[in-house]
Student: 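Have a look at the structure that comes next, please.
Chain letters run A, B, ... following the sequence lines, proteins first, then strands; residues in each count from 1.
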There are 2 protein chains.
Amino acid sequence: MTARKGHFVDGYLAALLAQASHLISTEFHSIVRRHGLSVSEWRILATLSDGESISIGRLAQITLNKQPTLTRLLDRMQKRAQVQRVPHGLDRRITLVCITPAGLRTVSQLIRLAKKHEQRVLEPFGLARAEQLKTTLRRMIELHRSPAVERDSRARKS
Amino acid sequence: MTARKGHFVDGYLAALLAQASHLISTEFHSIVRRHGLSVSEWRILATLSDGESISIGRLAQITLNKQPTLTRLLDRMQKRAQVQRVPHGLDRRITLVCITPAGLRTVSQLIRLAKKHEQRVLEPFGLARAEQLKTTLRRMIELHRSPAVERDSRARKS
DNA sequence: TGCCGATATATGCAAAATCATGGATCGCAC
DNA sequence: GTGCGATCCATGATTTTGCATATATCGGCA
């Protein structure tokens with residue numbers, strides 16, 4: 001434990017979530033670095049790995065980046081030909097982003113490794129408990145996602 | 001949901017943890033800001049709120065900051081008389097940090113608000129499920145905390 | 001049509017975070 | 001004691017981030 005029993009932060013949900021998220025992510029990030037990606041770049045490519053194009057704003061929400069930060073990351077990744085900006089056909093304010101074949105090759109390896117890593121992380125808890133954890137997290141995310149995103153998610157389903 | 005069903009990131013534990021952590025924390029952080037603190041400052045003060053002194057390195061781990069970042073944050077907070085640096089009696093490499101009465105006053109209010117916020121977040125899940133979530137997270141943290149910290153945590157108790 | 005508020009992305013600049021490293025101290029072998 | 005690798009915190013230099021705002025486009029309405 002974090003020593004000091006009964007201390008506020010030891011039982012505070014936000015602290016537990018942040019700590020767990022940080023520890024689990026950090027473990028995998030050393031692997032990500034070895035493949036030449038930063039953490040944000042990995043998140044971006046993983047999000048795009050299904051081949052669908054997606055707006056910059058929405059990508060920012062999913063990858064937990066501010067929009068200006070993401071714009072600059074995309075600039076760099078586009079120079080490396082990992083992603084590509086594509087104009088939206090109907091709304092010219094929107095810039096869509098999609099992954100390139102090169103980006104996909106890179107991220108595919110990492111996704112395989114990520115799945116293995118996840119399996120190792122969840123193994124001590126058993127399948128049932130692991131699924132339960134994920135379900136709880138998904139429900140929590142659903143409950144706290146901003147209304148704008150929900151609308152967006154429903155409206156733009158291809 | 002995040003649209004696109006069956007997509008890797010929708011079921012990836014690290015992504016779920018990061019999203020949930022981000023959403024829950026962000027909600028409360030608007031309140032934190034209103035009390036004149038940055039997010040990191042809130043984490044630091046909350047960690048110190050039990051009045052115990054703690055080394056800078058350990059504080060960095062708990063608050064998820066890199067050590068140089070924390071040093072600068074502490075500089076600022078010390079100028080505002082929210083925290084205080086205290087030399088370690090036995091090991092002069094170590095600098096301990098503890099909260100000041102002023103810092104404690106600030107953080108006490110926030111802790112009350114944080115508890116209320118947490119209650120609202122967990123309410124839809126019920127007490128049993130909420131406790132189970134926390135238990136799982138704590139165990140996960142325990143399993144992945146670096147060996148150095150475990151040793152530290154046991155060795156330096158009081 | 002032309003105007004206006006809203007939305008989506010880009011960018012200038014100041015603040016913040018991070019890497020690499022420095023300086024001090026410690027534990028320990030000899 | 002002396003030397004040496006390890007540990008802890010501070011700091012200089014650089015990169016990264018994010019706020020505020022600019023630019024472009026949209027939808028609707030007079």
Student: For the pair made of CZ in A/Arg92 and C1' in D/dG27, what is the distance, rounded to whole Å?
Tutor: 14 Å
Student: Within the side chain of B/Ser30, is there an N or O that forms a donor-acceptor pair under 3.5 Å with the backbone of B/Glu27?
Tutor: yes
Student: Can you list everything that forms a ring pair (Phe, Tyr, Trp, His ring centres under 6.0 Å) with A/Phe28? Sequence neighbours excluded, please.
Tutor: A/Trp42, A/His117
Student: Is the shortest heavy-atom distance from the side chain of B/His7 to the side chain of A/Ser49 under 4.5 Å?
Tutor: yes
Student: If we ignore hydrogens and angles and just use 3.5 Å, is the side chain of B/Thr100 paired with the main-chain N or O of B/Gln82 as donor and acceptor?
Tutor: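 It does hold such a pair.
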Student: I'd like a table of donor-acceptor pairs (distance under 3.5 Å, sequence neighbours excluded) in which one partner is a side-chain atom from residues 126-137 of chain B, with atom names and distances.
Tutor:
| residue | atom | partner | partner atom | Å |
| --- | --- | --- | --- | --- |
| B/Arg129 | NE | A/Thr136 | OG1 | 3.1 |
| B/Arg129 | NH2 | A/Thr136 | OG1 | 3.0 |
| B/Gln132 | OE1 | A/Gln132 | NE2 | 3.3 |
| B/Gln132 | NE2 | A/Gln132 | OE1 | 3.4 |
| B/Lys134 | NZ | A/Gly11 | O | 2.7 |
| B/Lys134 | NZ | B/Glu118 | OE2 | 2.6 |
| B/Thr135 | OG1 | B/Glu131 | O | 2.8 |
| B/Thr136 | OG1 | A/Arg129 | NE | 3.1 |
| B/Thr136 | OG1 | A/Arg129 | NH2 | 3.1 |
| B/Thr136 | OG1 | B/Gln132 | O | 2.9 |

Student: Shorter than 3.5 Å, N or O on both sides, protein versus nucleotides 4-6 of chain C: list them out with atom names.
Tutor:
none

Student: Roughly how many Å is it from CD in B/Glu41 to P in C/dA15, rounded to a whole number?
Tutor: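 For the pair B/Glu41 CD and C/dA15 P, the rounded distance is 15 Å.
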Student: What pairs with B/Arg93 under salt bridge (Lys or Arg N to Asp or Glu O under 4.0 Å), at least two apart in sequence or on another chain?
Tutor: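 Result, salt bridge (Lys or Arg N to Asp or Glu O under 4.0 Å) vs B/Arg93: B/Asp91.
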Student: For B/Arg80, give me all partners under salt bridge (Lys or Arg N to Asp or Glu O under 4.0 Å), at least two apart in sequence or on another chain.
Tutor: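 Per chain and number, B/Arg80 pairs via salt bridge (Lys or Arg N to Asp or Glu O under 4.0 Å) with B/Glu41.
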Student: With the side chain of B/Ser55 defined as its heavy atoms from C-beta on, choose the nearest nucleotide among D/dC9, C/dT25, C/dT9.
Tutor: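 So the nucleotide nearest the side chain must be D/dC9.
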Student: Main chain of A/Ile62, side chain of A/Arg43: is a donor-acceptor contact present, judged purely on distance under 3.5 Å?
Tutor: no
Student: OP1 or OP2 of D/dC8 sitting under 4.0 Å from any side-chain N/O of B/Arg58?
Tutor: no
Student: Counting only non-hydrogen atoms, which of residues 64-82 of chain B are less than 4.0 Å from DNA chain C?
Tutor: B/Lys66, B/Pro68, B/Thr69, B/Arg72, B/Arg76
Student: Tell me the interatomic distance from A/His88, atom NE2, to C/dA8, atom P, rounded to whole angstroms.
Tutor: 11 Å
